[in-house]
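A quick write-up on the structure given underneath.
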Amino acid sequence: MMCKRAAASLLAGMLLMTIFPTAGAESTPAPTPSPATDPTSTPSVYQTLPPRGILYTVPPSPLPTDSTGKEMKLDDWYEWYYGTVLNLPNSNYRDAIYIRDGRVIFDENNLPEPVGETYPDKTVEDFDLKSPALYTATLKEATSAYPVRSIYVERLFRVSGATKVDVLYVDPLWVIVRYKGMIGYVKRHRLLSVTTVDPVNTPPYGVQKHQYVATTKTDAYVRASMSFDEPANWALLKPGTTLSIWKFVGEWAVVNYWRTYGYIHISELEDLRMVSPTDEPLSDDTPIAAYTSYYKVNSSESIQNRMVNIDVGIRHMSIVLQPGQTADANQLMGPYALENGYLLAGALVDGGTTLSPGGGTCQVSSTLYNALLQCPGIKIIYRRAHGDNGAPYLPMHVDAAVGNNELNLVFRNDYDFPIRLEGHTNYDGALCWLIYRADTEAAK
């Protein structure tokens with residue numbers, strides 16, 4: 001055990017590689033927080049969570065009156081309190097999130113302007129005609145490329161039929177491609193038949209290795225930039241929430257947030273541990289893969305029900321998978337029925353949303369799918385996306401819908417050791433999956 005812990009410390013700054021494809025990018029060790037942290041700490045706005053309780057501060061009784069002198073409706077009070085008083089519109093989302101006909105929309109083309117620094121994704125200026133490609137891919141017919149990350153500018157080029165291109169860089173929403181002497185941005189969902197150029201040094205397309213796991217020590221803001229003055233707080237997590245971290249930039253943890261990034265200061269985290277860069281755990285409590293996605297939180301019945309469904313689905317999917325054993329998400333989580341503990345909540349169907357028992361379980365399978373992709377010994381046998389554009393709470397191309405014979409996630413453990421799937425949610429907007437070797441002390 002001591003040897004493993006020593007190895008973990010030794011390898012912290014040496015072994016991890018960024019696997020959201022960035023050629024040559026190396027990770028840095030997790031920082032130690034400086035004495036000066038957030039000077040304006042906020043007391044918890046959460047109460048103890050009842051079995052299906054409301055996540056928010058108990059509203060006053062009677063409720064305040066509105067501009068007409070009438071007592072406010074409960075939903076109006078929540079909107080006012082969290083949108084105006086706490087500056088958290090829609091409970092824990094900012095201007096880029098809104099609701100249309102009951103459906104949560106993430107306006108990925110109209111994100112708020114950050115106050116502080118953000119993760120420096122590469123741009124077309126970082127590449128030239130001789131830059132090595134990470135992947136080759138075929139663009140779908142009628143695909144457009146743009147000179148910047150925006151669809152609201154004049155396009156750089158447009159292909160009329162299926163066209164092969166070099167892929168130089170991948171971020172949550174865009175890829176940078178090279179075609180006939182031109183380098184531009186293309187939306188990820190426009191790619192087909194992606195092939196890794198150097199499989200030894202480049203992970204398969206879509207794999208993003210998260211490097212750390214942590215627990216929130218206090219109320220933790222997932223901010224839109226690396227600044228305590230950032231007003232755009234994507235989410236507010238309760239103490240005790242388990243989450244995975246892609247990498248650190250200075251004292252800020254960088255996490256995937258829908259199709260962009262979020263930032264959590266290290267002072268709001270504890271129990272920080274590495275995710276093993278290989279299938280060999282670095283210590284007794286080291287997972288070999290981890291991934292976290294984020295979901296909406298508010299007071300509506302549908303969203304409250306969806307959080308319950310996520311919790312129920314996680315409990316059914318948290319299993320040990322023996323060598324050669326196959327897991328079927330629909331068999332494990334289904335039937336998606338009221339009598340099995342599921343509630344009516346919004347579910348993505350054919351590009352729209354409908355109320356269905358078990359709505360939200362697709363995020364359980366989709367988040368797990370991103371953790372499974374990090375394990376080369378896991379074989380994905382069957383997987384379907386939520387249509388062409390995928391589920392907006394994950395990077396493009398990496399979701400896995402469930403619900404019927406055509407929508408399912410089926411995978412097999414091809415390792416020569418068992419694996420344990422461990423899911424976490426704290427009813428506050430984060431859904432985390434950890435994968436362990438089940439033949440180690442940590443998994444027993």
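Bear in mind the structure is a predicted one, so any value in this text is a computation, not a measurement.
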Answer with yes or no whether the side chains of [Y] and [X] bring together a donor and an acceptor at under 3.5 Å.
| X | Y | value |
| --- | --- | --- |
| Thr286 | Tyr436 | no |
| Tyr205 | His397 | yes |
| Tyr294 | Asn256 | no |
| Thr278 | Glu280 | no |

Practice item. Determine whether the aromatic ring centres of Tyr119 and Trp252 lie less than 6.0 Å apart. Key: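 Judged by ring-centre distance (under 6.0 Å), Tyr119 and Trp252 do not meet the cut-off.
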Once the angle between the rings of [X] and [Y] is folded into 0 to 90°, is it parallel (under 30°), tilted (30 to 60°) or perpendicular (over 60°)?
| X | Y | answer |
| --- | --- | --- |
| Tyr261 | Trp246 | parallel |
| Trp258 | Tyr393 | perpendicular |
| His316 | Tyr342 | tilted |

Answer yes or no: is there a side-chain heavy-atom contact under 4.5 Å between [X] and [Y]?
| X | Y | answer |
| --- | --- | --- |
| Leu421 | Ser318 | no |
| Arg273 | Tyr212 | no |
| Lys217 | Glu268 | no |
| Leu269 | Ile245 | yes |
| Val177 | Ile183 | no |
| Trp433 | Ile314 | yes |
| Val410 | Thr326 | yes |
| Arg223 | Val115 | no |

Can you tell me if [X] uses its side chain to pair, donor with acceptor, with the backbone of [Y] under 3.5 Å?
| X | Y | value |
| --- | --- | --- |
| Thr216 | Thr241 | yes |
| Arg306 | Glu301 | no |
| Lys209 | Ser276 | yes |
| Thr118 | Ser225 | no |
| Asn233 | Ala235 | no |

Practice item. Can you establish whether the number of heavy atoms outside Glu339 located under 6.0 Å from its atom CD is more than 12? Key: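 Buried by this count: over 12 neighbours within 6.0 Å.
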Practice item. Give a yes or no on this: more than 12 heavy atoms of other residues, nucleotides or ligands lie within 6.0 Å of atom CD of Glu117. Key: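 Atom CD in Glu117 is not packed in, count stays at 12 or less.
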Point to revise | Residues which pass side chain to side chain contact (heavy atoms under 4.5 Å, CB included) with Lys379, listed by chain and number, not counting sequence neighbours | key: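 Side chain to side chain contact (heavy atoms under 4.5 Å, CB included) check on Lys379 returns Ile381, Arg412, Asp414.
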Exercise for review: Please name all residues satisfying side chain to side chain contact (heavy atoms under 4.5 Å, CB included) with Ala385, sequence neighbours left out, ordered by chain then number.
Suggested key: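 Arg383, Asp399.
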Check your understanding: When you measure from the centre of the six-membered ring of Tyr185, is the NZ or CZ of Arg149 under 6.0 Å away and within 45° of the axis?
Key ->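 Checked: cation-pi criterion not met.
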Can you see which heavy atom on [X] is nearest to which on [Y], and at what distance?
| X | Y | result |
| --- | --- | --- |
| Ala430 | Thr425 | O-OG1, 3.3 Å |
| Val398 | Leu373 | CG1-CD1, 4.2 Å |
| Ala145 | Val186 | CB-CG2, 3.7 Å |

Residues forming a salt bridge (charged side-chain N to carboxylate O under 4.0 Å, His left out) with [X], sequence neighbours excluded:
| X | result |
| --- | --- |
| Arg315 | Asp311 |
| Asp328 | none |
| Asp229 | none |

Practice item. Applying salt bridge (charged side-chain N to carboxylate O under 4.0 Å, His left out), run through Asp428 and Lys238 and close with a yes or a no. Key: CA-CA 6 Å; Asp428 61 355; Lys238 296 189 297 182; 5.8 Å; no
Review point. How many angstroms lie between CG in Leu168 and CG in Leu134, if you round to the nearest 0.5 Å?
Key: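 Reported to 0.5 Å precision, the distance equals 7.0 Å.
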Point to revise | Which residues share a side-chain hydrogen bond (donor to acceptor under 3.5 Å, both in side chains) with Thr367, sequence neighbours left out | key: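 In terms of side-chain hydrogen bond (donor to acceptor under 3.5 Å, both in side chains), with neighbours along the sequence ignored, Thr367 is linked to Ser293.
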